[in-house]
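Note that ligands are numbered from 1 as they come in the structure, with each ligand's atoms numbered from 1 the same way. Quick caveat, the model's predicted, so the values are computed rather than measured.
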Amino acid sequence: MGAGAPCPEACACRVGSAEPPADTCAVIVAGGSGERFGDPRGKQFVELAGLPLMCWSIAAFEQAPSVARLVVVCAPDRAAQVEKDVLARLSLKKPVALAPSGATRQDSVLSGLGAVPRDLEFVAVHDAARPLVEAEMIEAAIAAVRQDPALAGAILATRSVDTLKLVEGTTIVATPDRSFYWAAQTPQVFRRRVLLAAHKAAARDEYLGTDDASLVERMGGKVRVVESSRDNIKVTLPEDLALAEAALERRLLG
Ligand code: CTP
Ligand code: MG
C-alpha cells in the first residue's frame, strides 16, 4: 500500500502503530438549565477564555484520535445557538450530530445514544460543563476499555483526598476508609451496546442514577476507574468559572 493511501479498518499495519482506531462516538451533554450556576444564558454558553464554555470540551474530543464523531445534546430551542456560536466557531473536521435534551441528564444521555451509529464500538459520555478535559485523558479512558474485554466501561476519577464521614442528620455514623473512595468525573466510556441496554433498563425500572457508570454497575457490568486530574472540574457554581479560567490559562501558557 502506497504512502498516503487509505488504511482499511482491519489493516495489519495498525498493529504496533501509534494511532489508535477511530472506534468511539462522543456524547456531550449540554442540555441542562444550570440552576446552581444561575446565569440566564446557561453555564454552557458563558464565555471562558474567549469562547462559549462548551466549546472547550468539544475541542478536546475533536483532538482525540479514537473519537470518530460527536453527538452534542442540547435543548431544542438552543440548537440554532449551538450551531452558530459553538460549532461554527470550532470548524470541526469530525461529523457532529445534535440530539434533543430531556428532563434529566440521564434522559439527555439516552437521547444522545439514539444518534450514535451502530458501527462504533465505544461511547464516551461527557458533561459539556467540564471544559478542562484533555484529549490524553479521553484516550486513556477509551484505551482502558478497548484493552480489556472483561470491562463494560471505564471512567475518569480522582482519589478522595478528604476524610469522608457518613452522617445522619448532623451526627457522624462512620468514617469509612478513604482509600476505597474515588470521585467520579466524565468522560465515562462504555461499550455502546452495554450502555444502551443499561439506559433502557433504567428507564424501564424508573431508576435514576447520578452517573452513567451506576446504570451499568446495576446490570452487573464491570467498570474501572482511570486516575484523572483534579483540574477536570464540573462548572457548577459561579465561583467554578474563575477556577476553570485559571486552569485553562495555566495550560495555554504552557
Ligand atoms: N444536562 C443535560 N440535560 C439535563 C440536565 C443536565 O444535558 N436535563 C447536562 C448539563 O448541561 C451538564 C451535565 O449534564 O453539561 C452535568 O449536569 P449539571 O452540572 O447538573 O448541569 P445542570 O443540570 O445544567 O445544572 P444544575 O443541576 O445546577 O441545574
Ligand atoms: Mg443538573
Any side-chain heavy atom of Val133 sitting closer than 4.5 Å to one from Thr186? no
For the residue pair Asp107 and Thr104, confirm or rule out a side-chain donor-acceptor distance under 3.5 Å. yes
Need the ligand 1 atom indices (1-based, order shown) with element for anything under 4.0 Å from a heavy-atom of Gln44. 11 (O)
Who gets closest to atom 16 (C) of ligand 1 by heavy atom: Asp127, Val109, Val235? Asp127
Result of checking Asp127, Leu156, Thr158 against Asn232 for side chain to side chain contact (heavy atoms under 4.5 Å, CB included): Leu156
Do the side-chain N and O atoms of Ser66 and Arg146 include a donor-acceptor pair separated by under 3.5 angstrom? yes
Closest to atom 27 (O) of ligand 1 among protein heavy atoms sits Arg36 NH2, 2.9 Å
Nearest protein heavy-atom contact for atom 12 (C) of ligand 1: which residue, which atom, what distance? Val29 O, 3.7 Å
Of all the non-hydrogen atoms in the protein, which one sits nearest to atom 7 (O) of ligand 1, and at what distance? Gly31 N, 2.7 Å
Could you tell me if Arg218 sits above the aromatic ring of Tyr207, with its cationic atom closer than 6.0 Å to the ring centre and no more than 45 degrees from the axis? yes
Specify the protein heavy atom at minimum distance from atom 21 (O) of ligand 1: its residue, its atom name, and the distance to 0.1 Å. Lys43 NZ, 3.1 Å
Nearest heavy atom to atom 26 (P) of ligand 1 wins, so pick from Gln106, Glu35, His126. Glu35
Checking Ser111 side chain against Val109 main chain: does a donor-acceptor pair fall under 3.5 Å? no
Could you identify the single nearest non-hydrogen protein atom to atom 1 (N) of ligand 1 and state the distance to 0.1 Å? Gly32 N, 3.4 Å
Side-chain donor or acceptor of Glu245 paired with backbone N/O of Leu48 under 3.5 Å: no
Part of Ala103 with heavy atoms under 4.0 Å of ligand 1, whether side chain, backbone, both or neither: backbone
With a 4.0 Å cut-off on heavy atoms, is Arg130 touching ligand 1? no
Can a donor-acceptor pair be found, under 3.5 Å and without considering hydrogens, that links the side chain of Lys43 to the backbone of Val235? yes
Determine whether a donor-acceptor pair (N or O, by modelled atom type, separation under 3.5 Å) exists between the side chain of Lys94 and the backbone of Val67. yes
What protein heavy atom lies closest to atom 3 (N) of ligand 1? Include the residue and the distance to one decimal. Ser108 OG, 2.7 Å
From atom 8 (N) of ligand 1, work out which of Gly102, Ala129, Gly34 has a heavy atom at the shortest distance. Gly102
Mark the output for Thr104 as yes if a heavy-atom distance to ligand 1 is under 4.0 Å, and as no if none is. yes
Taking only heavy atoms of Ala30, which atoms of ligand 1 are found under 4.0 Å from at least one of them? 7 (O), 11 (O)
For Gln185, does its backbone N or O pair with a side-chain atom of Gln188 as donor and acceptor, under 3.5 Å? yes
Please confirm whether Ser101 comes within less than 3.5 Å of ligand 1 when only nitrogen or oxygen atoms on both sides are compared. no
